[in-house]
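To start, the structure under review is shown below, and the notes come after it.
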Amino acid sequence: MLDAIINGLSGLIAGTLNLHWSNPIMMLIGGILLYLGIKKDFEPLLLVPIGFGCIIVNIPLADLMEKDGFLRVIYDMGIMTELFPLLIFVGIGAMTDFRPVLENPYTFLLGAAGQFGIFLTLLLALAIGFPYKDAVTIGIIGACDGPTVIYVASQYAPHLLGACSVAAYSYMSLVPMLQPPIMKILTTKKERETIMKTHKKTVSKTTALLFPIVITIVGGLIAPKGLPLLATIMLGNLMKESGVVSRLTKAAENEISNIVTLLLGISIGATMSGPVFFKPQTLIILCLGLLAICLDTVCGVLFGKILYYITGGKINPLIGAAGISAFPMSARVVQKEGQKYNKKNYLLMHAMGANAGGQVGSVMAAAVMLSVLKGMGVI
C-alpha cells in the first residue's frame, strides 16, 4: 500500500515537473470547449471530443501523439489520409436536401456570394506573408465548413490543422452570435421587414437525381483537384434521392457519421498540444478566420441587397447571410432575425436554398483554389 502511494506521488511529481507552461493553458481551453458544447449546446458532437482530446494531449509523459500512441494512430489513419472529412461529407450529402435551391435557382448566387470572404482573406494572408498553401488553408476557414478545412489542411498545411480546425468549428458554433449584428448594420428596417412569398415548385425526382451527377461532372471538370470533396457530398445526396439504398443512406447519416465525428473530433483535439499550438501564428490565424466568416456574411447580405433592388423589393436581403456553409444553422438564424422584425415573415425555405447553395459553393471554392495552386505549380 505504501509503495503504491509512493509510486503515485512520484508519478504526480514527474508529470508536474514535465508540464510545459502552455499545457495548463491548453487544458483550460479544452475545458472551455467542453463548457460550450455541454452547457451552451454549441456543436456538442464536435466540441466535446475536441475539448477532451485537447485536455488529454496536454498531459505530459502520456505520449499519446508519439509514434504508436493511440491518438497518433487515429490521426494518421483518418486525418493524414483525408478519410475522415470525406466520410463526413458522404453523411452531409445524405442529410442535405437540395430541393430548396432547385426551386429557387437564384439562391445559388447567394451561396456563391457567401464565399467571397474566403478569397479576400486568402489575399490578406498572402499580404501578411503566409506561404500560398498556408494562406489557402486559412482562407478556407471562411467556408464555415469543418470537413473542408480539415481536408485542405491535412493535405497542404498539416502544421496548421489544429488552429484552422478549431477556428472553423468554433466560429461555426458562434454563427448565431456573429451574424445578426452584421445583418442589422448592413440592412435597413424596410429591407429586413420584406415579406418573401413562397411559391412552392415541384422538383421532379429526375431533376433531384440528376443534380448530384451533373454537379459532380461539371465541378470535377472545372476544378478536378477538389473532386474528392465534391464527389463524396454528391454521392451521399444521390443515395438519399435514389430511394433504393435506404440502408446505406441511414448508415451514412447515422452510424458512419457518428463514429467518424467522434474520431475526427478527438483527432483535432490531439493537434492542440500546448508547445505546438500556443504560438503567435495561431492567434493571427484565429483572427483571420473570424474575419473570413464575417466577410462571407457581409458579401452574402450585400448581394442580397443587390437582388432586393433588382427585383423591386421582392427579396429580403437577410437571406444572403445564409450563403455561408453553416448548414442549416445560418438558415435558422435568418428565419429568427426575419421574424424579429416582421412576425409575418417566413424566410426559412428561401434561406435553406441559399444555405444549400453555400454548401456546394464552399466545396467548389476549395476545389477551385486547390486546382489554381496546382496550375501554378505550388502543389
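Hydrogens, waters and symmetry mates are skipped; everything else that's a heavy atom, side chains included, is used.
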Please check: side-chain N/O of [X] versus main-chain N/O of [Y], any donor-acceptor pairing under 3.5 Å?
X	Y	result
N58	G274	yes
R192	T187	yes
N345	Q339	no
T282	F277	yes
N316	T194	yes
S257	N254	no
D134	P131	no
Q359	N355	no
Q335	L347	yes
T107	N104	yes

Could you measure the distance from the [atom1] atom of [X] to the [atom2] atom of [Y]? Nearest 0.5 Å is fine.
X	Y	atom1	atom2	value
F98	T96	CZ	OG1	5.0 Å
C164	L288	SG	CG	9.5 Å
N23	M26	CG	CE	9.0 Å
T261	L45	OG1	CG	6.5 Å
L86	L235	CG	CG	11.0 Å
I215	N237	CD1	CG	10.0 Å

Can you find a heavy atom in the side chain of [X] that is under 4.5 Å from one in the side chain of [Y]?
X	Y	value
V301	L318	no
V90	I233	no
M27	I59	yes
F70	M65	no
I138	L122	no
Y171	L286	yes
L295	T121	yes
L34	I55	yes

Side-chain heavy atoms under 4.5 angstrom apart, residues restricted to Ile, Leu, Val, Met, Phe, Trp, Tyr: same cluster for [X] and [Y]?
X	Y	answer
M234	M95	no
L83	I88	yes
L87	I150	yes

Sequence neighbours left out, what passes side chain to side chain donor-acceptor pair (under 3.5 Å) with T311? Give chain and number order. none
Contacts of type side chain to side chain donor-acceptor pair (under 3.5 Å), residue K189, not counting sequence neighbours: E193
Just wondering, are more than 12 heavy atoms of other shown residues or ligands nearer than 6.0 Å to [atom1] in [X]?
X	atom1	result
F52	CZ	no
K205	NZ	yes
K184	NZ	no
F108	CZ	yes

Can you find a side-chain donor-acceptor pair between S204 and T207 that sits under 3.5 Å? yes
Side-chain donor-acceptor pair present, Y341, E191, cut-off under 3.5 Å: no
For I38 and L47, what are the C-alpha separation, side-chain angles and deciding distance, and is it a side-chain contact (heavy atoms from CB on, under 4.5 Å)? CA-CA 8 Å; I38 297 170; L47 291 190; over 6 Å; no
Could you give me the CA-CA distance, side-chain angles and deciding distance for F84 and M77, then say whether side-chain contact (heavy atoms from CB on, under 4.5 Å) is met? CA-CA 9 Å; F84 287 168; M77 175 184 66; 3.9 Å; yes
So, D68 and R72, do they make that salt bridge, N to O below 4.0 Å? no
Are E241 and R99 within salt-bridge range, i.e. N to O under 4.0 Å? yes
What's in the same ILVMFWY side-chain cluster as I213, cut-off under 4.5 Å, chained through other members? L209, I217, L221, L238
Residues L33, M272; criterion side-chain contact (heavy atoms from CB on, under 4.5 Å); working and verdict: CA-CA 12 Å; L33 294 177; M272 298 173 67; 4.1 Å; yes
Could you give me the CA-CA distance, side-chain angles and deciding distance for I266 and I50, then say whether side-chain contact (heavy atoms from CB on, under 4.5 Å) is met? CA-CA 5 Å; I266 201 167; I50 290 175; over 6 Å; no
How close do C299 and G117 get, counting heavy atoms only, and between which atoms? SG-N, 4.4 Å
What's the shortest heavy-atom distance between L71 and A270, and which atoms? CD1-CB, 3.8 Å
